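Below, chains carry the letters A, B, ... as their sequence lines are ordered, and counting in each starts from 1. The analysis underlying the following values was restricted to heavy atoms, covering all of them including side chains, and did not include hydrogens, waters or symmetry mates. The shown structure was predicted, so the numbers you read here are calculated from the model rather than taken from an experiment.
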2 protein chains.
Amino acid sequence: MPKQNQYEFWPKIVLPIPNMSPSNTTIRDVARLSGVSPMTVSRVINDSERVSPETRRRVEEAISELGYVPSRLARGLSRQRTGTLAVIVPDVANPFFTAVVRAAEEVARRADYQVILCDTRADLNVERDVIDELIAHRAEGVVIAPVSDRSAAQLRRLAEFGVPFVLIDRTIPEIDCDVVLGDSTGGARQLVEHLISLGHRRIGFIVESDDVSTARDRRRGYEAALSAAGIALDPALVAHAAPDPSGGSAGMRRLLELEDRPTAVFTVNNLVALGAIEAVRAAGLEVPDDVALVCFDDIEYASRLYPFLTAMEQPAQTFGTLGTQLLLERIEGRGPERRHEVVLPGEFIVRKSCGAK
Amino acid sequence: MPKQNQYEFWPKIVLPIPNMSPSNTTIRDVARLSGVSPMTVSRVINDSERVSPETRRRVEEAISELGYVPSRLARGLSRQRTGTLAVIVPDVANPFFTAVVRAAEEVARRADYQVILCDTRADLNVERDVIDELIAHRAEGVVIAPVSDRSAAQLRRLAEFGVPFVLIDRTIPEIDCDVVLGDSTGGARQLVEHLISLGHRRIGFIVESDDVSTARDRRRGYEAALSAAGIALDPALVAHAAPDPSGGSAGMRRLLELEDRPTAVFTVNNLVALGAIEAVRAAGLEVPDDVALVCFDDIEYASRLYPFLTAMEQPAQTFGTLGTQLLLERIEGRGPERRHEVVLPGEFIVRKSCGAK
DNA sequence: CTGTTAGCGCTTTCAT
DNA sequence: ATGAAAGCGCTAACAG
């Protein structure tokens, strides 16, 4: 079990480092070598039509001979556009966001945009810093799953700087922009109704703070399902916790300590479910026998190995694809005046954790 | 079940888009407003000492009044350094690399570097393109888990451009540079010896192509364990496959079709194991009863939900941390002449898939 | 402590 | 079809 600083003294091997000397070839070097002006070289590297085939050939030869690669910095500064856009998520390690990010990158790449991926770790301050960096970088647009409603300030900042953005997974009350959402309310309702149909009456809910739209919407769905079934809402059954495994554990522990503890629990997402399950087991109980459990979002690899979580699976890739497409439309001015609000239905997947036969 | 183009016609909501007009405030605007020269403003934003407190105050006031954010493009072009480094992995969605990436980003951020994350999808061409982009961006260094030995060309290209890089997880024969590795050979040997100690004699191996160093090294460990136990190597038991779940399935299917099929299988990594298990189940068999299984790398969330895979877990975060630290040393010229080669031991975790009691 | 002068490497605009 | 001049926004290197 390596300790953190075990590698303070690295094992060393005596081998030469390759000779690295920055080769700073510029457009002028290419121009000189091919006997034309920098402007002509510029035309060649930008596939402008107005270059004679012969000149083009000579320039291209010089380029490959010199191993010239145009500087994006200079080009960006001069053109006043960077061809870069950003994807910001609260946690890349969450399989849901991992999928979102991959899809977004794919679309961006195909449209010839570079993408900068930013992980805020659900930290508002990191998010602020990251957004400032992106402004400094003159990113042309941002696809973002914001930390919470309090991200509004930084988004307004983006808007001030004329950087278009689209929200994914989460809305923010005062922010009007394109947005790609899951059907949180409907999905939650469906999950909870399923538990009710299984005979549960005391159903817990582990959820993050109310300033995240998905948390609010899913709570709404939870309440709607209960009320439709004539079950009174018991505030003690709603446990607020961080939206990660340790939050899930903490939340579940609190629910289990209740006098009249729930027989079933709905967690706001996959990672919370994970922690909740661990807490159940730590208490010497079992899912679903002692506590049934349903949640939002799947954990793909886990489910492939062991189909356990009954979940409302959201089409993560589509969040990324669509979000990026909408963003590209805005960037390229093709977007309509009115904003898009896309709501993607989830897929209800019944597995073992809910205890359905 | 949403079809791909169901969203060709997005639902629209009539809401105004915030008025976005690019605010192009430059250092000169700030200079003008605060009544100093651009140079003084530059000094202020760079925390240079040589500015009187009063001037500094006025400048800072102007900055916040104008909402000025210095352009990284211009700064980079002028300073001839971008403060950007890149992390390249073959698959961010692989929990192992997800962890690597997060750790790397953390270290980079603390050293005030921006990081660009690139996912090559194990595609050599994507890798080449990505590296070209990074050169164009004038990234200052690269931490890379290369696709295969054939990545050598693009790494040499990096070196030509004076971009330092460190290899993680995988070495490349002709490339001498800092590298952070796991103990593939030793780890593989330990895994296979464990299977042997459980009584297995026919042990299969599902592995990717031999031009990836980890594949070679793990095969070496596999063979060493067999030979130490006096078990003859049967080439039919070594299945080559893509290093992902579908590759794992394909590989396992081939092994199961053998006349004298293996009673245990070692897979080169976590994702291959996943596919292999699916194939076993699809064949109506069970792990570990019909086929025992061990692999490299854990699938964290899956294991938390259901501790199943017997695996050689590698300290992924340390790969990222150390790799980035080494890179930073190189970038900042603090690195020693000789290269570092760090080999991190794995942790052998016995769970159910190997069938140990 | 502050300002001036030159670029950084590319592209835009306008000539030719 | 090609080139010259100017400038994108910033900072290094010198003044003063």
A:E140 side chain near A:R81 side chain, heavy-atom distance below 4.5 Å: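 Contact flag for A:E140/A:R81 side chains = yes.
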Distance test, side-chain N/O of B:T55 to OP1/OP2 of C:dT2, below 4.0 Å: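 The answer is yes; a side-chain N or O of B:T55 sits under 4.0 Å from OP1 or OP2.
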Under 4.0 angstrom between B:S52 side-chain N/O and C:dC1 OP1 or OP2: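 For C:dC1, OP1/OP2 do not have a side-chain N/O of B:S52 under 4.0 Å.
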Does the distance from a Lys or Arg side-chain N to an Asp or Glu carboxylate O, for [X] and [Y], drop under 4.0 Å?
X: B:R57; Y: B:E60; result: no
X: A:R128; Y: A:D123; result: no
X: B:R150; Y: B:D211; result: yes
X: A:R110; Y: A:E106; result: yes
X: A:E127; Y: A:R121; result: no

Rounded interatomic separation in angstrom, taking CZ from B:R32 and P from C:dT2: 19 Å
Rounded interatomic separation in angstrom, taking NE2 from A:H137 and C1' from D:dC10: 15 Å
Degree of bending, the helix from C:dC1-D:dG16 to C:dT16-D:dA1 (end axes from five pairs; round to 10°):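 Angle reported: 30°, given to the nearest ten degrees.
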Sequence-distant partners of B:D169, side-chain hydrogen bond (donor to acceptor under 3.5 Å, both in side chains), two or more places apart: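 Not a single residue meets the side-chain hydrogen bond (donor to acceptor under 3.5 Å, both in side chains) criterion with B:D169.
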Nucleotide-resolved protein contact map, nucleotides 8-16 of chain C, B/S/- at heavy-atom distance under 4.0 Å: BBBBB----
Check: A:S52/A:T55 side-chain N/O donor and acceptor closer than 3.5 Å: yes
